[in-house]
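Counting convention: from 1, in listed order, for ligands and their atoms alike. Computation of the quantities below employed the complete heavy-atom set of this structure, encompassing side-chain atoms and omitting hydrogens, waters and symmetry-equivalent molecules. Counting begins at 1 with the first residue of the sequence.
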Amino acid sequence: MRPKIAAGNWKMNGTAASLAELHSLATGLPENPPQVVICPPSTLLFRATDATHGSPIQIGAQDCHTEGAGAYTGDISATMVADSGATHVILGHSERRDAYGETDADVAAKAQAAWDAGLTAIICIGESEADRSAGTTLDVIAQQLAGSLPDGCTGENTVVAYEPIWAIGTGKIPTLEQIVEVHDFIRATLAERFGTDVSDALRLLYGGSVKPDNAAEIFKVDNVDGALIGGASLTPADFVPILQALSAT
Ligand code: PEP
């Protein structure tokens with residue numbers, strides 16, 4: 001049995017006042033909570049790890065550089081993320097692939113840097129609406145998996161998040177059949193490349209418009225081990241019911 005995991009991506013939202021949300025989340029967690037990772041903006045990483053100290057909530061960053069240090073204005077390294085007490089880092093989110101032109105090779109290099117710093121990489125993949133309409137979803141997923149996951153992937157150092165781009169922040173979600181198809185395909189592709197021991201251990205998250213009213217049915221899908229959640233992770237009022245649905249599966 002793979003431990004369930006819910007990761008919250010705060011994106012560019014949150015100031016010091018938002019740390020209060022972490023306190024409420026910590027006190028509102030369901031009994032037997034899944035693994036919970038909150039990824040605030042980098043300005044809050046140190047304070048977020050302090051604020052959640054002693055609670056089961058873990059903290060992650062939303063990106064990191066491939067290098068440990070150097071002349072990279074505006075970037076943060078995986079070493080710096082780990083220095084903050086964070087344990088995870090989201091890599092290859094479609095917003096970064098789109099806005100910053102991040103390629104699969106960039107994502108793989110960042111994942112290697114994250115592992116070297118002792119972080120778990122949450123690697124995002126997912127097709128666009130055009131890919132889905134063209135019937136190339138599984139080709140795109142195969143290509144992203146092959147290019148974004150370095151050799152040496154394990155169930156401890158990596159979590160894979162399947163996030164159809166057209167479902168992120170739109171309120172649209174794929175049908176359960178579409179989620180089953182892609183998650184089964186990801187698991188089989190990982191097994192071919194890394195062997196079944198590794199692929200059986202790797203957690204696969206679904207991401208894209210997960211809300212309290214659709215979480216339970218998504219979490220019933222066999223190869224869905226949790227979710228990457230954007231908007232609904234910003235307040236415990238939305239996030240806690242999702243955690244409850246996950247811990248009930
Ligand atoms: C995300 O940005 O990773 C995401 C899944 O966002 P939302 O839940 O808001 O669709």
Side-chain angles (χ1 to χ4, degrees), residues 4-14 18 21 25 34-42 44-45 48 58-64 81 86 88-100 102 104 106-107 110-111 114 119-129 131-132 137 140-141 144-145 148 158-176 178-179 182-183 186 203-219 221 223-246:
K4 305 286 179 194
I5 169 170
N9 176 10
W10 282 11
K11 311 192 184 190
M12 198 174 71
N13 296 293
S18 318
E21 303 290 350
L25 179 60
Q35 185 179 3
V36 178
V37 183
I38 296 291
C39 303
S42 52
L44 290 181
L45 284 176
Q58 295 174 294
I59 300 299
Q62 299 172 16
D63 181 42
C64 69
V81 172
H88 291 68
V89 59
I90 297 171
L91 296 174
H93 191 282
S94 63
E95 287 156 13
R96 294 206 59 88
R97 289 178 186 263
D98 182 41
Y100 300 93
E102 283 189 10
D104 290 334
D106 295 330
V107 177
K110 289 178 178 205
L119 299 171
T120 299
I122 301 173
I123 299 181
C124 303
I125 55 173
E127 82 285 3
S128 67
E129 196 147 36
D131 298 327
R132 169 106 2 225
T137 296
V140 169
I141 296 295
Q144 289 176 332
L145 282 174
S148 307
T158 301
V159 173
V160 175
Y162 166 57
E163 299 206 302
I165 299 169
W166 51 274
I168 295 177
T170 59
K172 295 188 215 167
I173 57 164
T175 63
L176 291 183
Q178 288 169 331
I179 298 177
V182 177
H183 277 244
I186 294 172
R203 270 90 58 83
L204 308 185
L205 308 186
Y206 168 76
S209 295
V210 176
K211 304 289 176 205
D213 61 358
N214 61 22
E217 58 171 6
I218 295 170
F219 294 149
V221 174
N223 273 319
V224 171
D225 303 307
L228 178 55
I229 299 141
S233 70
L234 290 171
T235 58
D238 287 329
F239 198 46
V240 169
I242 295 173
L243 298 179
Q244 282 165 339
L246 186 55

Give me the atom names and distance for the closest heavy-atom approach of Ala227 to Phe219.
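Closest heavy-atom pair between Ala227 and Phe219: CB-CE2, 3.7 Å.
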
So, Arg203 versus Thr120: side-chain donor-acceptor pair below 3.5 Å or not?
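No.
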
Are Asp131 and Thr137 close enough that a side-chain donor and a side-chain acceptor fall under 3.5 Å?
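Note: Asp131 and Thr137 side chains miss the donor-acceptor criterion.
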
What orientation do Tyr206 and His183 show, parallel under 30°, tilted 30 to 60°, or perpendicular over 60°?
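The rings of Tyr206 and His183 sit tilted, inter-plane angle from 30° to 60°.
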
For ligand 1, run through the N/O pairs with the protein that fall under 3.5 Å and put one pair on each line.
unit_1: ligand 1; atom_1: 2 (O); unit_2: Lys11; atom_2: NZ; d: 2.5
unit_1: ligand 1; atom_1: 2 (O); unit_2: His93; atom_2: NE2; d: 2.8
unit_1: ligand 1; atom_1: 3 (O); unit_2: His93; atom_2: NE2; d: 2.9
unit_1: ligand 1; atom_1: 3 (O); unit_2: Glu163; atom_2: OE1; d: 3.1
unit_1: ligand 1; atom_1: 3 (O); unit_2: Glu163; atom_2: OE2; d: 2.7
unit_1: ligand 1; atom_1: 6 (O); unit_2: Gly230; atom_2: N; d: 3.4
unit_1: ligand 1; atom_1: 8 (O); unit_2: Gly230; atom_2: N; d: 2.8
unit_1: ligand 1; atom_1: 9 (O); unit_2: Gly231; atom_2: N; d: 2.9
unit_1: ligand 1; atom_1: 10 (O); unit_2: Gly169; atom_2: N; d: 2.7
unit_1: ligand 1; atom_1: 10 (O); unit_2: Ser209; atom_2: N; d: 2.8

Check this for me, if you would: do Asp104 and Arg97 make a salt bridge, where the nitrogen-to-carboxylate-oxygen distance has to be below 4.0 angstrom?
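Here Asp104 pairs with Arg97 in a salt bridge, since their nearest N and O are under 4.0 Å apart.
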
Which residues satisfy the side-chain hydrogen bond (donor to acceptor under 3.5 Å, both in side chains) test with Lys11, sequence neighbours excluded?
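Result, side-chain hydrogen bond (donor to acceptor under 3.5 Å, both in side chains) vs Lys11: Glu95.
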
